Amino acid sequence: MTEPLSFELSRPAVDPPRLPGAEEGGAALGDVLPGELLRSRPPGLPRLSEPELMRHYSRLASLNYSISENFYPLGSCTMKYNPVANEAAAALPGFAGLHPYQDEETVQGALELMWRLEQALCAVVGVDRVTLQPAAGAHGEWTALRMIRAYQHSKGEARTEVLVPDSAHGTNPASAALSGFQVVEVLSGPDGRISLADLESKLSPRTAALMLTNPNTLGLFEREILDIAELVHSTGAMLYYDGANLNAFMGICRPGDMGFDAVHMNLHKTFTTPHGGGGPGAGPVGVKSELVPFLPSPTVERTDGHLTLDHKHPQSIGRVRSFYGNFGMLVRAYTYILAMGGDGLSQASQDAVLSANYLRKLVEGDLEMPHDGPCMHEFVASANHLNHENGVRALDIAKALLDRQFYAPTVYFPLVVPEAIMVEPTETESKATLDSFAHAIKEIVAEARTNPQGLHEEPKNTPVGRLDEVAAARRINAYLQGQSEDPVLRWKSPSETAS
Ligand SMILES: *Cc1c(COP(=O)(O)O)cnc(C)c1O
């Protein structure tokens with residue numbers, strides 16, 4: 001690291017932080033709390049002046065890589081530019097200063113925004129209603145599966161299995177398992193799309209749903225989606241749409257029209273709300289009419305221009321998130337949709353698909369392309385040939401890109417492609433950026449052929465170099481078997497280390 005911890009920067013000469021009222025004025029703490037709960041010594045907080053602390057955090061922030069600095073081709077994550085207008089709207093005092101316990105009558109504007117966002121999302125994906133509560137895509141999957149289960153129970157059915165293709169994102173089987181379903185894998189065919197024959201063999205009266213991503217995680221459109229929907233529905237099961245790849249066809253076609261019964265959207269992917277870093281996300285779920293009675297409550301209803309929160313849904317699966325979801329994200333997404341308009345959204349998708357195909361063409365001579373193009377908004381290449389010939393893996397290419405000021409693409413996902421490198425350029429990158437990325441790939445692949453050892457040592461220009469993943473795995477294993485001290489996960493003061 002190039003920046004020490006605040007504890008290491010701490011200087012004894014600086015006065016410790018002091019809270020007013022602890023000693024002077026007010027009640028002494030000893031009058032309020034039992035003596036045995038009081039500290040005998042002050043806490044070991046770092047001693048730094050305000051400017052020192054500010055500089056420490058500013059230096060740390062400068063070690064981050066972000067979309068506001070450079071290209072971020074992380075496949076499946078849709079790392080596109082988040083317009084500043086979204087931030088300005090979310091910061092408006094009328095939105096930012098709201099309290100979730102405020103009376104409905106005083107938050108009519110916020111409710112109207114939620115209602116309008118719901119209408120807009122219904123129109124984009126072709127469903128009857130949308131819940132804005134889920135906090136992420138994975139949470140949306142889980143919410144939808146609970147609605148599907150409640151619906152099937154209401155018809156006296158207890159279906160126990162959820163089908164998930166082998167190319168699916170890991171959250172799909174995880175959500176199904178967490179909802180108490182057995183996960184049944186459906187195989188892909190040689191063209192990278194779901195095998196209808198395999199699907200047919202796995203569908204049964206036990207099937208509750210098929211979870212499908214379209215375009216799938218290989219960036220390929222499931223052309224037989226109408227047949228798939230018919231097959232699934234003919235067994236009484238439901239079709240769930242993992243909407244992480246919605247950026248491929250907004251305003252062009254709609255999952256609801258393809259036969260999907262429930263759909264999640266990742267506002268932090270497709271609708272430009274901030275993404276990653278552990279911050280809040282939003283994963284609204286849209287459903288067709290049969291599932292509407294089971295939506296989380298409350299719903300936002302509008303009658304004669306008056307907005308209310310409706311809690312009267314006897315068949316609802318209940319709340320899935322405190323209050324009304326991550327409201328600030330809803331404001332950002334609604335701002336984006338208004339700024340783009342319907343035509344703007346479909347243009348964004350067309351540009352995203354064009355960017356991906358352009359980049360795919362540029363690098364197809366350097367990386368292996370396991371499936372035929374054209375692709376949708378992302379493509380999956382492979383470093384399998386380099387691994388066989390030169391011992392250079394997808395991981396080496398990802399690390400080498402970091403040294404060339406690019407974020408690494410997604411690697412080793414989807415699992416069906418060995419040494420996978422998944423690239424999603426998005427519509428917000430210029431041709432010049434795509435060209436320079438392709439140039440970097442070309443350089444790295446040339447280096448793989450002439451100096452593979454050099455590549456294993458990259459990155460060299462980042463704050464942290466190549467991590468020793470083998471040593472880390474060994475150490476954790478030894479710890480789990482009780483043969484070593486715990487892995488070092490946090491800083492310990494000299495006095496702690498001594499004891
Ligand atoms: C990102 C993603 C998810 C999960 O969404 P989160 O918002 O990260 O929980 C699910 N499926 C696919 C294909 C994804 O890319």
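Fair warning: this is a prediction, and the values are worked out from it, not measured in the lab. Just so you know, ligand 1 is whichever comes first in the structure, and atom 1 is the first atom listed for that ligand.
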Which heavy atom of the protein is the closest neighbour of atom 6 (P) of ligand 1, given with residue, atom name and distance?
Gly137 N, 3.4 Å
Of the protein's non-hydrogen atoms, which lies at the shortest distance from atom 9 (O) of ligand 1, and what is that distance?
Ala138 N, 2.8 Å
Electrostatic pair Arg466:Asp396 at N-O distance under 4.0 angstrom:
yes
Leu74, Thr171, Thr78, Leu267: member with heavy atom nearest to atom 10 (C) of ligand 1:
Thr171
Using distance alone, decide if ligand 1 has a nitrogen or oxygen within less than 3.5 Å of any nitrogen or oxygen in His268.
yes
Between Lys288 and Glu290, is there a salt bridge with N-O shorter than 4.0 Å?
no
Ligand-residue contact atoms, ligand 1 with Asn266, heavy atoms, under 4.0 Å
5 (O), 6 (P), 7 (O)
Looking at Lys80 and Glu427, is any side-chain nitrogen of the basic one under 4.0 Å from a carboxylate oxygen of the acidic one?
yes
Does either side chain, that of Asn82 or that of His268, offer a donor lying less than 3.5 Å from an acceptor on the other one?
no
If you scan protein heavy atoms around atom 11 (N) of ligand 1, the nearest is Asp242 OD2, 2.6 Å
Do the side chains of Tyr336 and Leu267 get nearer than 4.5 Å, heavy atoms only?
no
If you measure from the Lys or Arg side-chain nitrogens to the Asp or Glu carboxylate oxygens, is any gap between Arg393 and Glu419 under 4.0 Å?
yes
Answer yes or no: is there an ion pair linking Lys202 with Asp198, defined by an N-O contact shorter than 4.0 Å?
yes
Can you sort out which atoms of ligand 1 are near Ala136, meaning under 4.0 Å from one of its heavy atoms?
7 (O), 9 (O)
With respect to atom 14 (C) of ligand 1, which of Met211, Lys269, His264 exhibits the smallest heavy-atom separation?
Lys269
Touching ligand 1 at all, Glu141? Heavy atoms, strictly under 4.0 Å?
yes
By number and element, which atoms of ligand 1 are closer than 4.0 Å to a non-hydrogen atom of Ala244?
2 (C), 11 (N), 12 (C), 13 (C), 14 (C), 15 (O)
Report the nearest protein non-hydrogen atom to atom 15 (O) of ligand 1: residue, atom name, distance rounded to 0.1 Å.
Ser76 OG, 2.5 Å
Centroid-centroid distance, Phe406 to Tyr72, less than 6.0 Å
no
